[in-house]
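Okay, structure first, notes after.
Quick note: numbers below take in every heavy atom, side chains included, and nothing from hydrogens, waters or symmetry partners.
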Amino acid sequence: MTPALIVHGGAGAATPPALQAERRSGLTAAFEVGWNILVQGGTALDAVVQATVTLEDHPLFNAGLGSCLTEDGTVEVDVSLMDGTTFQTGAVGAVRNIKNAIQLARAVMTDGRHVFLVGEGAERFAREHGLPHAAEDELITERQYQRWQAQQTTGEPGTVGAVALDSAGGLAAATSTGGVMGKRSGRVGDSAVIGAGTYADSTIGACSVTGDGEHIIRATLARTAVELMRGGKDTAQAARTALAHLTRQTQGEAGLILLDPFGRSGVVYNAESMGAAFRSEGRFVVRI
Ligand code: GLY
């Protein structure tokens, strides 16, 4: 089976021209990391995790390094991850001081006792599993600090995510974010919630979502989009219908990436822009 991969860098306001080239190269690098895993016979799960690590480490995306700040000036990251073959999931919410929260979500998944850890308990779990720690200020970029000082609550996108299909037919999805600018400490958004921000079922499809977290949770958007593909229904149409469902129900702003077991893809958004990188008809496409 031919593998497939889509990575995204969030939906929202248009990226300022000065940041466009760097964001484009960040998405390209994340795609290449995931794609190399897939073409070497690696799993969809490894591909989405490593693509997400690459974007968490990039300072111009709102996840890991470069996350937006809470109203208290701290970084709290939300992540979820799902393997569509085993239905194993791992998620963490409002975690601080973790270099790559996607690795923490993966450790939660692998441990298997629970599927969703938050805050202090999740951070303790990270220490027990030897995951790299980051001091609070190591994740805060000058750009996000300036935005926080200016009390900006809107802006260009930055949540990151990936969906992949591996050569064995496995699908997986991952999403990671610093959330929304100026959020209350302890707020957890859709990116940590399986069924809302992330969902995968290898017999139907995989989805990662970006946008207004509260609205996306209300619409259980990722699961809705995947269910709309049941029976081999058209992927692009399912993505559009899911987004229309969100808009009708909540007027929220969102974007989503979808893949089905045949590698057919859907990338839709109702925001001004959405960054994504994927292959289409054998050609690499990156847009912001
Ligand atoms: N979708 C990202 C968030 O609302 O936290």
- Query: Can you pull the ring-ring contact (aromatic ring centres under 6.0 Å, His included) pairs that have at least one residue in residues 65-117, sequence neighbours excluded?
  - Reply: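 Pairs touching residues 65-117 that pass the test: none.
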[atom1]/[X] to [atom2]/[Y] distance, rounded to the nearest 0.5 angstrom?
X: Asp260; Y: Thr235; atom1: CG; atom2: OG1; value: 3.5 Å
X: Thr247; Y: His215; atom1: OG1; atom2: NE2; value: 10.0 Å
X: Asp190; Y: Thr159; atom1: CG; atom2: OG1; value: 7.0 Å
X: Asn62; Y: Arg147; atom1: CG; atom2: CZ; value: 7.5 Å
X: Leu104; Y: Met109; atom1: CG; atom2: CE; value: 12.0 Å
X: Arg264; Y: Leu259; atom1: CZ; atom2: CG; value: 11.0 Å

- Item | Pair Arg96 + Glu123: basic N to acidic O under 4.0 Å |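 No.
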- Query: Under 4.0 Å between a Lys/Arg side-chain N and an Asp/Glu carboxylate O for Lys99 and Asp57?
  - Reply: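 The answer is yes: the pair qualifies as a salt bridge.
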Side chains of [X] and [Y]: donor-acceptor distance under 3.5 Å anywhere?
X: Ser191; Y: Thr177; result: no
X: Gln20; Y: Arg23; result: no
X: Thr175; Y: Ser208; result: yes
X: Glu56; Y: Asn100; result: yes

- Task: Look only at the side chain of Ser202 and the backbone of Leu171, and say whether a donor-acceptor pair between them is shorter than 3.5 Å.
- Result: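 Answer holds: yes.
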- Query: Is there a path from Ile102 to Leu55 through hydrophobic residues (I, L, V, M, F, W, Y) whose side chains come within less than 4.5 Å of each other?
  - Reply: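 Looking at the clustering, Leu55 is in a separate group from Ile102.
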- Query: Are Leu81 and Val193 in one and the same hydrophobic cluster, where Ile, Leu, Val, Met, Phe, Trp and Tyr link if side-chain heavy atoms are under 4.5 Å apart?
  - Reply: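 Looking at the clustering, Val193 is in a separate group from Leu81.
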- Give the C-alpha distance, both sets of side-chain angles, the deciding distance and a yes or no for side-chain contact (heavy atoms from CB on, under 4.5 Å) between Val77 and Ile98. CA-CA 8 Å; Val77 178; Ile98 306 295; over 6 Å; no
With the side chain counted from C-beta on, respond yes when [X] and [Y] share a heavy-atom pair under 4.5 Å apart, and no when they do not.
X: Phe61; Y: Leu27; answer: yes
X: Gln103; Y: Gln50; answer: yes
X: Leu246; Y: Ile216; answer: yes

- Task: Please report the C-alpha distance between Thr89 and Val108 in whole Å, then the side-chain angles of each, then the deciding distance to 0.1 Å, and finally whether the side-chain contact (heavy atoms from CB on, under 4.5 Å) criterion is met.
- Result: CA-CA 8 Å; Thr89 62; Val108 170; over 6 Å; no
Distance-only donor-acceptor hits, side chain of residues 33-46, under 3.5 Å, sequence neighbours excluded:
{"from": "Asn36", "atom 1": "ND2", "to": "Glu32", "atom 2": "O", "distance (Å)": "3.2"}
{"from": "Thr43", "atom 1": "OG1", "to": "Asp46", "atom 2": "N", "distance (Å)": "3.0"}
{"from": "Thr43", "atom 1": "OG1", "to": "Asp46", "atom 2": "OD2", "distance (Å)": "3.4"}
{"from": "Asp46", "atom 1": "OD1", "to": "Arg106", "atom 2": "NH1", "distance (Å)": "2.6"}
{"from": "Asp46", "atom 1": "OD1", "to": "Arg106", "atom 2": "NH2", "distance (Å)": "3.1"}

- Item | Minimum heavy-atom distance between Ala173 and Ala200, given as atom pair plus value |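 Closest approach of Ala173 to Ala200, heavy atoms only: N-CB, 4.1 Å.
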- Item | Nearest atoms (heavy-atom pairs only) where Asn270 meets Leu243 |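 Where Asn270 meets Leu243 most closely, the heavy atoms are N-CD2, 3.6 Å.
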- Message: Check this for me: Tyr145, atom OH, are more than 12 non-hydrogen atoms of other residues, nucleotides or ligands nearer than 6.0 Å?
- Response: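 No.
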- Above 12 or not: heavy atoms from other molecules or residues under 6.0 Å from CD of Glu136?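 Above 12, so yes.
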- Does any pair with a residue in residues 193-217 pass salt bridge (Lys or Arg N to Asp or Glu O under 4.0 Å), and if so which ones, sequence neighbours excluded?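 Counting only pairs at least two positions apart or across chains, the salt bridge (Lys or Arg N to Asp or Glu O under 4.0 Å) contacts touching residues 193-217 are Arg187-Glu214.
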